[in-house]
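Below, chain A is the first sequence line, B the second, and so on; all start at residue 1. Keep in mind the model is a prediction, meaning the values are calculated, not measured.
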Amino acid sequence: MAESTLPKTYDFKATEERVYAWWEEQGFFRPSNDPRKPGFDEAKKPFVISIPPPNVTGELHLGHAMFVAMEDLMIRYNRMKGVPTLWVPGTDHAGIATQLKVEEDILRTEEVTRDELGRDDFLKRTWSWKDKYHGIISKQIRRLGASCDWSRERFTLDEGLSKAVREAFVRLYRKGLIYRGPRLINWSPRLRTAVSDLEVEYSEEEGQLYFFKYRIKDSSEFIPVATTRPETILGDTAVAVHPKDERYKKYIGATALVPILDREIPVIGDEYVDREFGTGALKITPGHDPNDYQIGARHKLPIISVLDQAAQIRAEGGPYAGMDRFEARKTLWADMQAAGLSIKTERYMQRVPRSQRGGEIVEPMISTQWFVTIKPLAEPALAAVDSGRIKIVPEHFTKVYRNWMENIQDWCISRQLWWGHRIPVWYAPDGSMFCAYDEEEARAEAKRTLGKEVELTQDPDVLDTWFSSGLWPFSTLGWPEQTEDLKYFYPTSVLETGYDILFFWVARMIMMGLEFTGELPFHTVYLHGLVRDEQGRKMSKTIGNVIDPLEVMDKYGTDALRFTLLVGSTPGQDVNLSLEKVAANRNFANKLWNAGRYVIGALAAAPKEKTGDLNWTLADAWVWARVKQLTASSNRLFENSQYGEAGRQIYEFFWNDFADWYIEIAKLQLAEGGDRAFKTADLLVRVLDLSLRLLHPFTPFVTEELWTRLKEAALDHSANINPEKNASWPEALIIARWPEPIAQEGWEDFNLRNFAILQNLVRAIRNLRAEKGIKPGQRIIAHLVSQECYNLLEQEKAALTALAQLDPAQLTISKTLKERPENTIPLVSGPVEVYFPLSGLTDPVEERARLERELKEASAQIQRLETLLATDFANKAPAAVVLKEQTRLQGFQSAASSLEEQLKAIGD
RNA sequence: GGGCGAGUAGCUCAGUUGGUUAGAGCGCUUCCCUUACAAGGAAGAAGUCGUAGGUUCGAGUCCUAUCUCGCCCACCA
């Protein structure tokens, strides 16, 4: 064997950067069929993914690693199949998140607020922040091996996408699907902006339930009422009771007095009130509670806003004006206690609405905002999934999607932020508004409508980030322009992302895609699970269990991280990432490396040409049958989006079959020299090559590196390495390039079965050696007896002696046992009996026990199988399944009878 | 309140048209630095697949009920 110059340990650090640069340099990430290039063929159907654009707020986390691994796998798989493939990269401006970060940053470093800085300056700072973090994140995405076409990279606030956003807004507006008006919305006092329902998260927190008296005017009577937010009492405009409530119905129509303020409000009857809960009477604050808002609307109650944008009490709150909401709560309650209006407080678990971004408690407030009328968009989007035109993987998310779509509410799209797409609406001094693509157009329209030139001011608000995200699959391809890219690459193929943004993003893309392009933006939605820590907890800075993917890659390599994420998960199911698993997969990469190293060395040492044609050995045929089986099942699994299972099977084949068995036998075959060595080297190369191809979508770096080296090694050799530049997927390759040299029907099964017999025999002998404490290097004498497998054993003598460490000089193989040798240890492995003349090691008592144990096991199996075969199983199960069981039964029967004989022979 | 998912070896998890004796990694026991790999090799121990029924020749896999945990949606003051 030639000395290999490659290091014993795979150096992923040295490989990754170089290989990625090489890919980019070669243009591997560009679509093979590109409308921008000569020779474009529009008939070829492409495979397209739009990246879920990472926010420009921060750095890489495992969620990014997950989607890059998944999408890169899909992209590479399709690219290898020869499909023109495009993966569009890009980043998201992430309105609230980014603005918050920048605000914090300037406050910390320059001690100025955004208001002090002013809108223009603030935006300047934000753009430079964006430039910095965009650079970081896109470098990190590359580090993960993402094979996206960087020449087509987009940003949600770039010129083209901003144009798309304006176009979308104007179209919806003109269609009457966008309206503006005062509504009860979720208000984030710290960010001082509206947020959508989806951006509110509820947390279980212990609070107090305050019981107090609602006095009836001109009476000493009162209605007891409970609330969790006493400060909202200041905005009450009614007290509601159930119309059939015997306790309170007499008060309906009466006038109640708001505590402390003594404002007069009506007592009303409404079925919404739950008689069982609290006191059975409800205070109504239409200005600060969604349910009260609806009740208020039913009863035409006035709406009082008691909180301002910073959640401080407004003038309507009388003596409490100017107080913070929580301060007002305390003060008001104390005053009520003093006035004898309080009854009691109880500890109470409630769900507190908090802002997804800022984390502070959001307040329902009346505010003038922009909304999208969503029903007309949601209906076709729901139908698309229901009819199966869009397939969601895993399927059960279809129900989740439907559930949400059926109950969808109008979407509040305006945000009182600076960082984002400004709403394309201008106001005239008289208040009339003009929605247009730009100011010029708005001015013209204003002139037409108002009959004169007027000064216009643009709406100060920006759009919800998700509004632009909803356009992503087509805006990134040039929409609203009918670009070549849009025509060819749209609709995209698969949308891959985490299930946590199914509503935020996926649903909106489907709605907007249908609305604006008339087509579904993709045909498949693949939802991956969330990456959690080892114990299944969400990663969070406060728990301190955040795993940094960069550190993981530094320590174990990108391939190991990717393989762990891909193989450790199943669609839609959260994956608990443990570093131990990553380490195990780093070991796998190293295993690949060393197997590759061995094969390359073997190739170098083997003859360069063959002199004639040789038959395949059992091991050759077996490994080839296995690799074919593996290719077929990988194909099937890839087509069904079961990538994890495919990865597992490839891993097992490579390690347990190829490395542990075939390479070991190949060593013997190579040692024979001549054509046998030529052929073995050839097959080693082929199987390694195919394995690398199957693994490439999972672990692109190590496979690319090995493949390159393998090609180099094969240059002066007539072995069959594919000389094409790009690695293609094995499915077609096996058939086209490497036709099978074995012509007989059923050769795969035949060889798989025979090899299994050989493996079992070797294992049984090794087991016996271990039990008897025979030294690993010590060759032992064995007599093999088998009627059925005589030829097989004879033929595989060499492999057998080497693998089981038998003494070749004293090995005998016979069809029948003429005379049982003295002082032997017998062993039965399926159809083969083995006798070891190891008199020094025989202990008749021990032997008897062992044989009896084996016989007992065999008898149990015979019993089980006989029973099974006596049932309807024999008639109803498929013939192949029945045959299998019958064969097994025969095996156990022959084993049992020879065990019995041996027991007899051993005597007492 | 509605919906969804999970419960398989000590731990973390695979297991998709129902079909051998249910698998992997880590951990554990014994042996081995054998010329691809000690990030390795060989042998081994370890599970009544949450529980109870049902369908079927056959159920971890399908159906029903039930328990436990988790998530999402709706938000009863």
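A close approach under 4.0 Å does occur between a side-chain nitrogen or oxygen of A:Asn291 and OP1 or OP2 of B:rC76. In this structure, A:Trp655 reaches the B:rG41 phosphate: one of its side-chain N or O atoms is under 4.0 Å from OP1 or OP2. Here A:Lys581 does not reach the OP1 or OP2 of B:rG25: none of its side-chain N or O atoms lies under 4.0 Å away. Contact check, A:Lys591 against B:rA39: no side-chain N or O comes under 4.0 Å of OP1 or OP2. A close approach under 4.0 Å does not occur between any side-chain nitrogen or oxygen of A:Tyr10 and OP1 or OP2 of B:rC37. Side-chain nitrogen and oxygen atoms of A:Asn587 include none within less than 4.0 Å of the OP1 or OP2 phosphate oxygen of B:rC37. The side chain of A:Tyr348 places an N or O atom within less than 4.0 Å of a non-bridging phosphate oxygen (OP1 or OP2) of B:rA77.
Atom pair A:Glu580:CD and B:rG25:P shows a separation of 13 Å (rounding to whole Å applied). Rounded to whole Å, the distance from CD1 on A:Ile284 to P on B:rC76 is 12 Å. Distance A:Leu530 CG to B:rC72 C1': 12 Å, rounded to the nearest Å. Regarding A:Tyr651, its OH atom lies at a distance of 13 Å from the C1' atom of B:rC37, rounded to whole Å. Remark: P of B:rG44 and CG of A:Leu768 are 11 Å apart, rounded to the nearest angstrom. In this structure, A:Tyr556 atom OH and B:rC26 atom C1' are separated by 12 Å, rounded to whole Å. The separation between A:Asn767 atom CG and B:rU29 atom C1' is 14 Å, rounded to whole Å. The distance from atom CD of A:Gln805 to atom P of B:rU34 is 13 Å, rounded to the nearest whole Å.
Comparing B:rC11 with B:rC63, their P atoms sit 28 Å apart, to the nearest whole Å. The gap from the C1' atom of B:rU48 to that of B:rG60 amounts to 12 Å, rounded to the nearest Å. On the C1' atoms, B:rU29 is 11 Å away from B:rA46, given to the nearest whole Å. Taking atom C1' in both B:rC72 and B:rU66, one finds a spacing of 23 Å when rounded to whole Å. Comparing B:rG27 with B:rG41, their P atoms are spaced 13 Å from each other, to the whole Å. Using atom C1' as the reference point in both B:rU21 and B:rC62, the two lie 23 Å apart (nearest Å). B:rA22 and B:rG70: their P atoms are spaced 32 Å apart (whole Å). The gap from the C1' atom of B:rC4 to that of B:rC76 amounts to 24 Å, rounded to the nearest Å.
Across all strands shown, the partner of B:rC4 is B:rG70, judged by Watson-Crick or G-U wobble contacts whose two distances both fall under 3.5 Å. Applying the Watson-Crick and G-U wobble criteria (two distances, each under 3.5 Å), B:rU34 pairs with nothing in any strand. With both pairing distances under 3.5 Å, B:rA24 is matched to B:rU12 as a Watson-Crick or G-U wobble pair. Of all nucleotides present, only B:rU51 satisfies the Watson-Crick or G-U wobble test against B:rA65, with each distance under 3.5 Å.
In summary, of the residues considered (A:Trp404, A:Tyr401, A:Trp411, A:Phe397), a ring-ring contact (aromatic ring centres under 6.0 Å, His included) with A:Phe503 occurs for A:Trp404 alone.
The side chain of A:Asp274 approaches B:rC76 more closely than any other nucleotide in the set B:rU20, B:rA24, B:rC76. The side chain of A:Ala770 lies closest to B:rA43, out of B:rA43, B:rG15, B:rC75. The side chain of A:Thr570 has B:rG15 as its nearest neighbour among B:rG15, B:rA77, B:rA74. Nearest to the side chain of A:Lys8, among B:rG40, B:rU20, B:rA38, sits B:rA38. Side-chain atoms of A:Pro776 lie closest to B:rC32 of the nucleotides B:rC32, B:rA39, B:rA36.
For the pair A:Lys581 and A:Tyr556, the cation-pi criterion (under 6.0 Å, within 45° of the ring axis) is not fulfilled. For the pair A:Arg766 and A:Trp661, the cation-pi criterion (under 6.0 Å, within 45° of the ring axis) is fulfilled.
Nucleic acid contact class of A:Phe503 (heavy atoms, under 4.0 Å, all strands): sugar-phosphate only. Heavy atoms of A:Phe892 sit under 4.0 angstrom from at least one base atom. Residue-level contact check: A:Ser578 touches neither bases nor backbone, having no heavy atom under 4.0 Å from any strand. Within the 4.0 angstrom heavy-atom criterion, only backbone atoms of the sugar-phosphate kind lie near A:Arg763; the bases stay farther away. Within 4.0 Å of A:Thr9, counting heavy atoms only, lies at least one base atom of the nucleic acid. Within the 4.0 angstrom heavy-atom criterion, base atoms lie near A:Lys667. Contacts of A:Asn407 with the nucleic acid, taken as non-hydrogen atoms under 4.0 Å apart, are absent. Counting non-hydrogen atoms under 4.0 angstrom, A:Glu664 reaches a base of the nucleic acid. Across all strands, A:Ala595 comes closer than 4.0 Å to base atoms (heavy-atom distances). Using a 4.0 Å heavy-atom cutoff across all strands shown, A:Trp661 reaches no nucleic acid atom at all. If you check every strand for non-hydrogen atoms under 4.0 Å, A:Ala240 touches nothing.
Checked for salt-bridge contact, A:Glu857 and A:Arg853 miss the test: no charged N lies under 4.0 Å from a carboxylate O. A salt bridge links A:Arg247 with A:Asp245: at least one charged nitrogen is closer than 4.0 Å to a carboxylate oxygen. Salt-bridge formation is detected for the pair A:Lys344/A:Glu346: a Lys NZ or Arg NE/NH1/NH2 atom is positioned less than 4.0 Å from an Asp or Glu carboxylate oxygen.
For B:rA43, its base never sits under 3.5 Å from the side chain of A:Arg766 at any donor and acceptor pair.
Annotation: A:Phe12 is not in aromatic contact with A:Phe701 [ring centroid separation under 6.0 Å not met]. Between A:Tyr210 and A:Phe212, a ring centre-to-centre spacing not shorter than 6.0 Å is recorded. Ring pair A:Tyr214/A:Phe222: centre-to-centre distance not below 6.0 Å.
A tilted orientation is assigned to the rings of A:Tyr10 and A:Trp593, their planes being inclined by 30° to 60°. A:Phe658 and A:Phe653 have parallel rings, their planes meeting at less than 30° on a 0 to 90° scale where 60° marks the start of perpendicular. Classified by interplanar angle (parallel below 30°, tilted 30° to 60°, perpendicular above 60°), the ring pair A:Phe588/A:Trp655 is parallel.
Side-chain contact check for A:Thr398 and A:Lys391: no donor-acceptor pair (N or O, by modelled atom type) lies under 3.5 Å.
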Between the protein and nucleotides 4-11 of chain B, which nitrogen or oxygen pairs come in under 3.5 angstrom?
from	atom 1	to	atom 2	distance (Å)
B:rG5	O2'	A:Gln573	NE2	3.0

Can you give me the N/O atom pairs linking the protein to nucleotides 53-63 of chain B at distances under 3.5 Å, or say none if there are none?
from	atom 1	to	atom 2	distance (Å)
B:rC57	OP1	A:Lys876	NZ	2.3

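Within the model, atoms CG of A:Asp554 and NZ of A:Lys13 stand 6.0 Å from one another, a figure rounded to the nearest 0.5 Å.
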